[in-house]
There are 2 protein chains.
Amino acid sequence: MLKSNQPQPTKSNNPITIVDVANFLGVSISTVSRALNNKSDINQKTKDAIIQAAIDLDYKPNFLAQSLNKGSTHTIGVIVPDVGHPFFASVLAGIQQVANNTGYRIIVCHSNESYRIEVLNTETLMACRVDGILISHSKETTEFDHIKKITEKGIPVVQYDRVNSELNTSNIIHQDFKGAFNLVEHLISQGCRRIGVMSGPKEMQICKTRIEGYKAALQKHGIEINNDYIVHSNISYGEGEQILNYFIGLENPPDGIFAIVNRNAIEMMKAAKEKGIKIPDELAFAGFGDDILAQYFEPPLTVYNHFPTRIGEIAIRMLIENINNKSNFNPYSKIVEGELIIRKSSLKKGSCL
Amino acid sequence: MLKSNQPQPTKSNNPITIVDVANFLGVSISTVSRALNNKSDINQKTKDAIIQAAIDLDYKPNFLAQSLNKGSTHTIGVIVPDVGHPFFASVLAGIQQVANNTGYRIIVCHSNESYRIEVLNTETLMACRVDGILISHSKETTEFDHIKKITEKGIPVVQYDRVNSELNTSNIIHQDFKGAFNLVEHLISQGCRRIGVMSGPKEMQICKTRIEGYKAALQKHGIEINNDYIVHSNISYGEGEQILNYFIGLENPPDGIFAIVNRNAIEMMKAAKEKGIKIPDELAFAGFGDDILAQYFEPPLTVYNHFPTRIGEIAIRMLIENINNKSNFNPYSKIVEGELIIRKSSLKKGSCL
DNA sequence: GTGAAAGCGCTAACAC
DNA sequence: GTGTTAGCGCTTTCAC
């Protein structure tokens, strides 16, 4: 490869550096740096000339070099278990929006519901020297040493949605208990007395809490808790049909079903429809979380909407607060209010919306 | 803050550096570097000791510093117009998977269908010194200077899905022409003669191509092209109903509708159902792209599935190929085969699946 | 107000 | 086989 010895500001393949700008004007690199970073103690004329030269030469600061000696990247790492899921897509949208407005960069990592990848993600993000991490754990995650390692290094972490409350981080969750309670109480108000619940992995905090909400609603209304009606699954898509079959095969099949993940409710409804079961009169449905499928499916699904975008917005704000205030920051938790949306999947005859 | 002057390998807040590892063992930093990078010319024992020490001290290489002097970040930037869209979510999944297997890091930027943000995204990625960029343009993008700037600097770019073929980059697209042709021909085979098409922005390449496919199918079967049946929209969600109203308000309303984005087809079907229009007998529907909503909606939607995950996988492979072979690489285009999936939304009475 | 120089953490020539 | 040293591009003291 041959190197031109003529100054060739515009055509060189190597990116323009601060040195090029300095040479171009015959000033020192520190002067250029000062001008570009809006420091005081610089002659306005020099400053203007430098800024103009930077534009003319199409100089772009090297982010790597800047971060390396500032010790801060102004970047936030986000770990998402499943970007394909509408809930997480909306959370991400909220995060991105606030990041844009506050000048933070975002690196999104996708754990793909795998504990192993989640751990790798945390290592990647640490290697990238992100200023903070937002994380929702994979379904498989029951060990949290990888998070402890991060917080011990003084890197702020905020857990959202799927949190482990024993970690010393800020958290943001929705009203899992209340949402489940409201959904189940609504089913009861529609005349359901044998309410099945399709839950996720036993160890997942949100599943535990939602089942507690379910139980509390039954108890409030004097309905006995029957463990046959409580089914744990992997909340993968596709499991709904099998679990519906289990339910309708029971001696006393449920007359209402509460799904801890809305998409499973849809799957079960689809299977039920194909078997000729009348929804909601023979079997009513309700699920946690709203999305377009819940709205468009026939019948549309009664849900507890937990405002995922808002969760994302609040999560990143909490994180930035922590980043700006590392020394004396006490982690805290926030709970976002949701709302019950009643649709046809649960409205039995004689009821009106 | 007080600083301990005892060596405290595990508890220090400042990340362990290569210097710490070197001091710990009393060797030089270059020896450590060699050991950790698996270079030859190093004593096995020293190497083992260094690797062990690195583990014990929980040393993690500083990615910024590594990249800074290697001049390569081993990171790929991905620009996505809309992560919430199932198509892009699946493309992303494909990209991520290959990235994981090849050791590339991914930075995902979300242009949110905004030209302005898309340009900012490219600048961010250049500032991060990514090794290459995968991009699908926003709906608004009709100017491509920001991409030219990148390729002129010698950074490989691959455009996927929404491409501009005048740029000197590799591209990957689906069979837009053939897909549209097949869908429309299928509608014709079901007896449709007045086929409406809901398209997106006029300037978008994929819209142009799909409309060409639509026209070709009509021509092949001797059906006249009627511009009243061709409607351009912004393909935002929510526009479907309005456009359905336009169609059914025509003097000679269509008996079949082809939507260039499947979700718009669903919206139109929903609106049509609410008006008591019989699908598919009075009005048949077909749309480009498969997803869960198309499968679960009642009636399920006939689609051309373009295998988004595969598109993501191929796109990143093409990019990596280009990165590894910068000097003598000639951009090329690839077209991914799709498949027609016939469902009830278009199967008129008397036909059978 | 500006320049020289040190250093962020690392790699890779170059010595020995 | 290992150590010394010069940078990667930038910011930030410290001189002048």
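All chains are named by letter (A, B, ...) in the order of the sequence lines, taking the proteins before the strands, and each is independently numbered beginning at 1.
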Please write out each protein N/O paired with an N/O of nucleotides 11-14 of chain C under 3.5 Å, distance rounded to 0.1 Å.
| from | atom 1 | to | atom 2 | distance (Å) |
| --- | --- | --- | --- | --- |
| C/dT11 | OP1 | B/N37 | OD1 | 3.4 |
| C/dT11 | OP1 | B/N37 | ND2 | 3.1 |
| C/dT11 | OP1 | B/Q66 | NE2 | 3.0 |
| C/dT11 | OP2 | B/S33 | OG | 2.8 |
| C/dT11 | OP2 | B/N37 | ND2 | 3.4 |
| C/dT11 | O4' | B/N69 | OD1 | 3.4 |
| C/dT11 | O4' | B/N69 | ND2 | 3.0 |
| C/dA12 | OP2 | B/K39 | NZ | 3.1 |

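- For the atom pair CD1 (A/I106) and OG1 (B/T124), the distance works out to 11.0 Å, reported to the nearest 0.5 Å.
- Considering only side-chain N and O atoms, A/S28 lies under 4.0 angstrom from the phosphate OP1 or OP2 of C/dG3.
- A straight line from CG of A/N43 to P of C/dG1 spans 7 Å, rounded to a whole angstrom.
- Counting only distance, with no hydrogens or angles, the side chain of B/N43 and the backbone of B/K45 share a donor-acceptor pair below 3.5 Å.
- Distance alone, capped at 3.5 Å, is enough to place a donor-acceptor pair between the A/D131 side chain and the A/T73 backbone.
- A close approach under 4.0 Å does not occur between any side-chain nitrogen or oxygen of A/S67 and OP1 or OP2 of C/dC8.
- Each of A/N62 and B/I42 lies near DNA chain D, and the nucleotide nearest B/I42 is the one positioned closer to the 5' end.
- In 5' to 3' order, the nucleotides of DNA chain D bounding all contacts with chain B (an atom under 4.0 Å from a heavy atom) are D/dG1 to D/dG9.
- Going from atom OG1 of A/T122 over to atom CD1 of A/I150 covers 4.5 Å, rounded to the nearest 0.5 Å.
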Tell me, with the steps shown, if A/Q52 and A/D56 meet side-chain hydrogen bond (donor to acceptor under 3.5 Å, both in side chains).
-> CA-CA 6 Å; A/Q52 191 53 50; A/D56 292 345; 3.0 Å; yes

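- Within a 6.0 Å sphere centred on CG of A/N168, heavy atoms belonging to other residues, nucleotides or ligands number 12 at most.
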Under the ring-ring contact (aromatic ring centres under 6.0 Å, His included) rule, what do B/F63 and B/H74 come out as? Steps first, then yes or no, please.
-> CA-CA 10 Å; B/F63 174 70; B/H74 220 65; 9.1 Å; no

B/V108/A/H110 under side-chain contact (heavy atoms from CB on, under 4.5 Å): CA gap, chis, key distance, verdict = CA-CA 10 Å; B/V108 181; A/H110 191 191; over 6 Å; no

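- In this structure, B/D41 atom CG and C/dC16 atom P are separated by 17 Å, rounded to whole Å.
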